[in-house]
Amino acid sequence: MTTTEMSVPRRRIADEFASRFGRAPRVSRAPGRVNVIGEHTDYNDGFVMPAALEFATLVAAAPRADRRLNVYSMTMDEAREFDLDSPPERGRHDWSDYVFGVAVMLERSGRRLKGADLVVWTDVPLGSGLSSSAALEVSAAHALLTASGAPFEPVATAKICQEAENEYVGMRCGIMDQYVSACGAAGNALLIDCRSLESRNVPIDPNRRLLVANSNVKHQHAGGEYNARREACEEGVRLLKPRLGPIKALRDVTPAELDASRDALPELVYRRCRHIVTENARVLEAERTLRAGDFAACGQAMNASHASMRDDFEITCPEVDFLAELAQGIEGVYGSRMTGGGFGGCTVSLVEAAAVDRAARTLVDGYRGAYGRVADVFVCSPSAGAGLVPL
Ligand code: GAF
């Protein structure tokens, strides 16, 4: 997205705020993400390598004298209210849960918030595995902290937003999406160690592109499958402990150790664990090969990641398998895989810059031919993490 395109929503949201609330806001921005590799490894204390998207959520905000939060979503065309002094214990399965849950958890962390008026706008595709939820949480946190005169500490805030989603919304997600939305770096993917919560930038070569194809099959995270995968991983750790000693998470298990303990696990739990331990190794291999400019090897790791998600973790779907496998066969595409939590959503492909247009056309035409559906295809130019938008 160019600066001129970005200035349109920025002006629109400020105008909407002024006409609703009669004063000028400050505007916070937090991006969605595409995950290059490392799926479901985050809640296993493992490694992930996402990049922040240009698609983002904006939250315009100004403080109030009382402790009320008034939120209007331009995307939903709906308004919600909330009293910081008598917050409901849990979310009510509504988009506003992400805003109010973050407010509740910020206060629980000891940060005293002012009441605020807020207007929300987003261009992150909803329910497509591109982290629209995290973008809303992190931009709301940034806006609420800014309106309260408190500092935005990126990693600490990402953890609070994750808690909001775990405890208030009821989705047991890991830290990846909130972390990269808060800490993303323009032009880079982030290698995040989800145990130490340290990260390092991994530059995306200027002659290579991350091509994202949205199958437009909506995923349903809270639908139980995600939490079921997490439980299988926890079950694996519980059953492996007597064999392997004091392991805390699948992060502590190598593929060879898992194989040697195969008989300790039910077949399904074994396959779930195999995805995680091999995926952790693939993330580190992808980082190494991206830095070395060995894009063919990086692509192989991406392809293997897709196969592992399809066969062992069983989180893909036919439409997404089709898009990944079609991309894998296109000249100039190094590798392709589903990205995000699964059960629909998007693929990400690492593509030679000169092959992007042809690859995009092939995906759109192929998908229409096979499924009669539209695939939205775009190039990700990794953006910066959360911050104030200059007005
Ligand atoms: C979702 C979750 F929110 C993340 O924490 C992560 O587990 C991802 O699915 C799968 O890698 O986006």
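Indexing begins at 1, ligand by ligand and atom by atom, following the structure's order. We number each residue from 1, following the sequence as shown.
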*Which of the atoms of ligand 1 are close to G174, meaning less than 4.0 Å from one of its heavy atoms?*
5 (O)

Only pairs under 3.5 Å count here: list side-chain donor-acceptor contacts from residues 339-354, not counting sequence neighbours, and write none if there are none.
from : atom 1 : to   : atom 2 : distance (Å)
T339 : OG1    : N35  : N      : 2.8
T339 : OG1    : N35  : O      : 2.8
S349 : OG     : S336 : OG     : 2.8
E352 : OE1    : Y334 : OH     : 2.5

*Are more than 12 heavy atoms from other residues, nucleotides or ligands located less than 6.0 Å from atom CZ of R291?*
yes

*Based purely on interatomic distance, does T41 place a nitrogen or oxygen under 3.5 Å from a nitrogen or oxygen of ligand 1?*
no

*Drop me the distance from Y371's OH to N216's CG, to the nearest 0.5 angstrom.*
14.0 Å

*Would you check whether R33 reaches within less than 4.0 Å of ligand 1, judged by its heavy atoms?*
yes

_Using a 4.0 Å cut-off to any heavy atom of M176, which atoms of ligand 1 qualify?_
6 (C), 8 (C), 11 (O)

*Check each atom of ligand 1 against the heavy atoms of Y226 and keep those under 4.0 Å away; list them by number with element.*
1 (C), 2 (C), 4 (C), 5 (O), 6 (C), 7 (O), 9 (O)

*Do any pairs count as a side-chain hydrogen bond (donor to acceptor under 3.5 Å, both in side chains) and have a residue in residues 149-159, sequence neighbours left out, and if so which ones?*
R111-E153

*Can a cation-pi geometry be assigned to R90 and Y168, taking NZ or CZ under 6.0 Å from the six-membered ring centre and within 45° of the ring axis?*
no

*Could you grab the distance from atom CD of Q300 to atom CG of D294, nearest 0.5 Å is fine?*
8.0 Å

*Check each atom of ligand 1 against the heavy atoms of C173 and keep those under 4.0 Å away; list them by number with element.*
2 (C), 3 (F), 5 (O)

*Any N/O of N35 closer than 3.5 Å to an N/O of ligand 1?*
no

_Close-contact set for ligand 1 against D177 heavy atoms, below 4.0 Å_ = 1 (C), 2 (C), 3 (F), 4 (C), 12 (O)

*Whether over 12 other heavy atoms sit under 6.0 Å from E267 CD*: yes

_Which of the numbered atoms in ligand 1 are under 4.0 angstrom from any heavy atom belonging to D42?_
4 (C), 5 (O), 6 (C), 7 (O)

